[in-house]
Amino acid sequence: MNLKKIFAGAKGSEGGIYRTASMRSMLLACATSGGKTVFMMLMSYAGYMANAGYGILVMLTGIIMTVKTIFDGVCDPIVAAVFDRMKVGKLGKVRKFLLIGYGVTVLSAILMFHILANKFDGALGVFIYCAHFALFVVGYTILSIGTTTIPAILTNDPKQRPFMNFAATCYQFLAPIILNTLMAFMILPRHGNQYDAACLGEACYLYSGVALLFMALTIFGIAPVDNEKNLGELMSIGNKAKVGFKDMWNMLKVNKPLRCYIITGASDKLATKMATDSIVSVMLTGILIANYQAVTVINSFGKIIALVFAFLGGVFIAKHGVKKSTTVWSWVNIGISVALFALCMYLGPWGMKKIGVGGLPMILYIGLTMGKDAAAMVLNTAEGMMRADIVDYELDRSGNFMPGMVGACYTFTEKLISSLGSTFTTFAVGLIGYVTVMPQMGDKSTIPLFYLTMALVYGMPVLGWLCNIVAMKFYALDKQRMVEIQTSIADKKKALRGKK
């Protein structure tokens, strides 16, 4: 495939019916996806901090995660409604949301992981921990809503959206590479390879700094379109500029593609969350493979190589649309995961250590991991484009520009699955004997731990990808339908200008 043609597609379509973005804006504006991933990674250690910093039992932590999900459900539509009804000021709309979200999230994380850690226990410890977790939920929700609106606001060009979401996916994969490498080789060794309160307190500042870097890039990238001229026109195309909860409920009830998207987003998040939870990663790499540092290098190398395939995957999406791409790459993910599962089953509970030593087991593991990361990245790119397509579909269908509300439906599902995944994981490890402490590197491998890890790392994701395939059978927004929608929106904008 000719790289010149690939980059030419990223420059946008001709014909005048689309809003196109500059290459610089597409590359920078999506950086906050990496910042959002950073905070998600940091909070994956919340279970460890509950136990190590506040003396909360493992199974009680699982209950707290469920209560946190209920609170999440209340926050999402409220924050989304505030965003969609907010006026565009001198600092724009998206940028204000991102800065507020970052500030609240960082404050809650530093309080939880460092300043107040090991100062409270018992009932008071539970209360303090939950209070700051709730503050984090508010900040992360604001940050999430702001982040999910960027693709729909930046461009509606079908040639550009895959590349923009590819850029967002790159940041989402770059963040774990940077942070997991620094954790494995810099922070963990200083704390005896134990996830104790001191280790996580130090990591908190590292994660916050990396997230700030991503945030700064986004502020510069989104500035050209985060203004009254651009957003004002989009918000006035339809019947009314302000939207409320009735509009959200009607959208959920009538918008079938949105419901299909929610199923796909939920299943993908389940596929990634269950396999990459910090507890599961410790069981897989620190106990079964017993070489956390080596596997970190393998995974980082695999993700870097996967970026190349994800770029080509963006070309595939631009050519075939998100519906076909999601179905095809879900099957690819399933095939590779089954192969990895078969390799681990062949090696067994005590033979998986060969992966960390070298030879054929390591070579097979590296090759399959690279393939899985590449296929997952393509799916992630397709999911981001699907969300933006649904925002445009809703604008054409109802006359309401609702990126916040569409984003709220998605982020609520994302956080619901993430929290339920964490809850299920903490209960599951409790059933195999980890009641008062979390799994730590160096623990002995057991048969129950092996089968639980296999189910979480490979079994649950496969179920999620099967849900993707079923949902796409009912998803109507194929490539041709989106061309019709964008043409209709362009006609409405022309008619609006003609009345002025």
Side-chain angles (χ1 to χ4, degrees), residues 13 15-19 76-77 80-86 93 145 148-162 164-165 225 230-266 317 321-326 382-413 471-499:
S13 304
I17 67 170
Y18 300 114
R19 301 188 321 274
D76 278 306
V82 170
F83 179 86
D84 284 336
R85 297 168 71 92
M86 178 188 290
K93 187 173 181 178
I145 296 298
T148 55
T149 61
I150 290 175
I153 290 172
L154 200 61
T155 178
N156 65 351
D157 194 317
K159 289 186 177 181
Q160 287 194 324
R161 277 186 172 170
M164 183 180 57
N165 285 288
V225 297
N230 181 64
L231 294 182
E233 184 178 54
L234 286 172
M235 293 168 68
S236 60
I237 287 176
N239 300 319
K240 50 189 175 179
K242 291 185 177 181
V243 296
F245 297 114
K246 273 189 177 181
D247 298 288
M248 184 176 183
W249 173 248
N250 184 61
M251 180 175 63
L252 283 168
K253 185 171 62 173
V254 178
N255 194 324
K256 187 175 180 180
L258 174 61
R259 296 197 298 273
C260 293
Y261 165 65
I262 289 173
I263 294 171
T264 302
I317 297 168
V322 294
K323 179 176 181 177
K324 182 175 180 180
S325 300
T326 300
E383 177 268 316
M385 186 175 174
M386 191 184 300
R387 180 172 61 251
D389 285 351
I390 289 171
V391 172
D392 292 334
Y393 170 74
E394 183 61 27
L395 174 60
D396 185 57
R397 185 193 71 81
S398 68
N400 291 326
F401 184 61
M402 303 169 64
M405 290 295 190
V406 172
C409 294
Y410 169 77
T411 55
F412 170 68
T413 304
M472 286 302 99
K473 290 184 178 296
F474 301 94
Y475 185 76
L477 303 183
D478 57 16
K479 186 178 179 180
Q480 181 57 41
R481 180 72 180 105
M482 285 310 302
V483 172
E484 296 170 1
I485 289 170
Q486 298 299 354
T487 302
S488 175
I489 292 173
D491 290 342
K492 290 176 182 177
K493 288 172 68 174
K494 287 180 182 177
L496 181 65
R497 295 190 196 107
K499 292 178 181 179

Side chains of Lys93 and Thr149: does their closest heavy-atom pair fall under 4.5 Å?
no
Residues that Asp396 engages under side-chain hydrogen bond (donor to acceptor under 3.5 Å, both in side chains), provided they are two or more places apart:
Ser488, Lys492
Indicate the atoms forming the closest heavy-atom contact of Thr264 with Thr326, along with that distance.
CG2-CG2, 4.1 Å
Looking only at non-hydrogen atoms, find the nearest pair between Leu477 and Val322 and report the distance.
O-CG2, 4.3 Å
side-chain hydrogen bond (donor to acceptor under 3.5 Å, both in side chains) with Glu484: which residues, sequence neighbours excluded?
Arg481
With sequence neighbours excluded, give me every salt bridge (Lys or Arg N to Asp or Glu O under 4.0 Å) pair touching residues 249-262.
none
Go through the structure and list residues passing side-chain hydrogen bond (donor to acceptor under 3.5 Å, both in side chains) with Tyr261, not counting sequence neighbours.
Glu383, Arg387
Roughly how far apart are Ile263 CD1 and Leu258 CG, rounded to 0.5 Å?
10.0 Å
Sequence-distant partners of Thr155, side-chain hydrogen bond (donor to acceptor under 3.5 Å, both in side chains), two or more places apart:
Gln160
Taking only residues two or more places apart in sequence, or in another chain, which ones meet Tyr475 in a ring pair (Phe, Tyr, Trp, His ring centres under 6.0 Å)?
none
Residue pair Ala471 / Cys260: nearest heavy atoms and the distance that separates them:
O-SG, 3.6 Å
Between Met472 and Lys323, what is the shortest heavy-atom contact and its length?
O-CE, 2.9 Å
How far apart are the closest heavy atoms of Ile390 and Pro257, and which atoms are they?
CD1-O, 3.6 Å
